[in-house]
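Protein chains get the first letters and strands the later ones, always in sequence-line order, with residue 1 at the start of each. Side-chain atoms are counted along with the backbone in the values below, which use heavy atoms only and exclude waters and symmetry mates. Model, not experiment: these values are computed from the prediction.
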There are 2 protein chains.
Amino acid sequence: METFAEIIKREREKRNWILRRAAARLDIDQALISKFEKGERRPSREQVEKFARVYKLKREELINIWMSDKIAYEISSESNPEKILKIAEKKIEYLNSKNK
Amino acid sequence: METFAEIIKREREKRNWILRRAAARLDIDQALISKFEKGERRPSREQVEKFARVYKLKREELINIWMSDKIAYEISSESNPEKILKIAEKKIEYLNSKNK
DNA sequence: ATAATTTTTGACAAAATTAGTCAAAATTTT
DNA sequence: AAAATTTTGACTAATTTTGTCAAAAATTAT
């Protein structure tokens with residue numbers, strides 16, 4: 001299961017880009033990119049979209065991964081993360097059926 | 001599928017408490033409680049625990065519901081919320097197997 | 001109907017969280 | 001060991017979230 005951090009690091013290395021170069025292409029401070037690649041900071045949605053554009057990744061897929069990182073992080077320290085997800089799933093289903 | 005907001009409203013009404021009274025018991029501003037009951041504001045974890053205590057609900061269950069509200073809300077506007085949950089689930093599993 | 005009570009709203013200031021930047025420290029490569 | 005690259009930490013700025021208050025709206029009682 002790949003994280004956003006791993007993906008953007010892999011993509012940069014694939015291209016043999018040093019951080020300075022990635023920073024120029026993405027127009028994001030290289031220290032920030034370093035933090036993103038280490039998973040220490042969470043990029044904004046706009047930044048995720050930049051990564052998708054520059055690294056030619058599917059925008060939506062990348063967003064899903066980025067969001068799931070966020071979710072996983074938020075609940076990982078709870079006592080029953082799986083249960084929380086199950087309940088959330090039902091709520092989503094319910095919202096879906098409602099807005100139809 | 002019940003939300004945190006619905007639960008705390010139901011519990012208060014069950015007791016025939018007006019907001020002012022609930023505010024006194026919970027030591028939370030009544031305007032805030034009103035917003036919680038309408039789902040317009042998200043209580044802190046400490047506040048959730050207060051609700052559980054005062055309304056005699058199972059602390060952990062209430063926290064799970066409160067967390068799942070949060071998750072559902074965060075991803076409900078995404079294009080594929082279900083997919084995001086699936087990925088998150090896998091990540092959680094992975095984290096679990098790792099920290100064992 | 002209107003008076004009294006209760007709930008909801010909106011605006012605001014304070015508090016907390018998150019974001020971006022820089023330079024120095026640490027690490028890796030040459 | 002010098003040069004290049006990456007990581008870290010500290011700081012300020014920006015954004016988001018919080019709690020509070022008083023007034024507005026809605027509900028209930030007289």
**Protein-nucleotide distance (Arg45(A), atom CZ; dT15(D), atom P), rounded to Å** = 18 Å
**Message:** Can you measure Glu40(B) atom CD to dT7(C) atom P for me and round it to whole angstrom units?
**Reply:** 15 Å
**Request:** For dG20(C), take OP1 and OP2 only and decide whether either is under 4.0 Å from a side-chain N or O of Gln47(A).
**Result:** yes
**Message:** Whole angstroms only, please: what is the CD1-P distance between Ile8(A) and dT6(D)?
**Reply:** 13 Å
**Request:** Determine whether more than 12 heavy atoms belonging to other residues, nucleotides or ligands lie under 6.0 Å from atom NZ of Lys83(B).
**Result:** no
**Request:** Check whether any side-chain N or O of Arg20(A) sits under 4.0 Å from OP1 or OP2 of dT5(D), and answer yes or no.
**Result:** yes
**Asked** If you look at every strand shown and take non-hydrogen atoms under 4.0 Å, does Lys35(B) touch a base, only sugar-phosphate, or nothing?
**Response** base
**Request:** State whether Glu2(B) and Arg10(B) are salt-bridged, where the test is any N-O pair (Lys NZ or Arg NE/NH1/NH2 against Asp/Glu carboxylate O) under 4.0 Å.
**Result:** yes
**Request:** Determine, for Glu89(B) against Lys86(A), whether the closest basic-nitrogen to carboxylate-oxygen distance falls under 4.0 angstrom.
**Result:** yes
**Prompt:** Can you check whether Phe4(B) and Phe51(B) have ring centres sitting under 6.0 Å from each other?
**Reply:** yes
**Asked** Which angle, rounded to 10°, do you find between the first-five-pair axis and the last-five-pair axis of the helix from dA1(C)-dT30(D) to dT30(C)-dA1(D)?
**Response** 40°
**Asked** Separation of Asp29(A) atom CG from dG9(D) atom P, in whole Å?
**Response** 16 Å
**Prompt:** Touch check for Gln30(B), heavy atoms < 4.0 angstrom, all strands: base, sugar-phosphate only, or nothing?
**Reply:** base
**Item:** Sugar-phosphate, base or nothing in reach of Arg42(A), heavy atoms under 4.0 Å
**Value:** sugar-phosphate
**Request:** Measure the distance from CG on Asn16(A) to P on dT5(D) and round it to the nearest whole Å.
**Result:** 12 Å
**Fill in**
Of Arg41(A) and Lys9(B), the one whose closest nucleotide on DNA chain C sits nearer the 5' end is Lys9(B)
**Item:** Phe36(A) CZ to dT18(C) C1', straight-line distance once rounded to whole Å
**Value:** 11 Å
**4.5 Å side-chain heavy-atom contact, Lys91(B) and Ile65(A)** = yes
**Message:** Tell me the interatomic distance from Leu32(A), atom CG, to dT21(C), atom P, rounded to whole angstroms.
**Reply:** 7 Å
**Message:** Counting only heavy atoms not in Arg20(A) (residues, nucleotides, ligands), do more than 12 fall under 6.0 Å from its CZ?
**Reply:** no
**Prompt:** Does Arg12(A) have a side-chain nitrogen or oxygen under 4.0 Å from the phosphate oxygens OP1 or OP2 of dT6(D)?
**Reply:** yes
**Nearest-angstrom distance from the residue atom NZ of Lys50(A) to C1' of dG20(C)** = 12 Å
**Request:** Using a 4.5 Å cut-off on heavy atoms from C-beta on, say whether the side chain of Leu32(B) contacts that of Gln47(B).
**Result:** yes
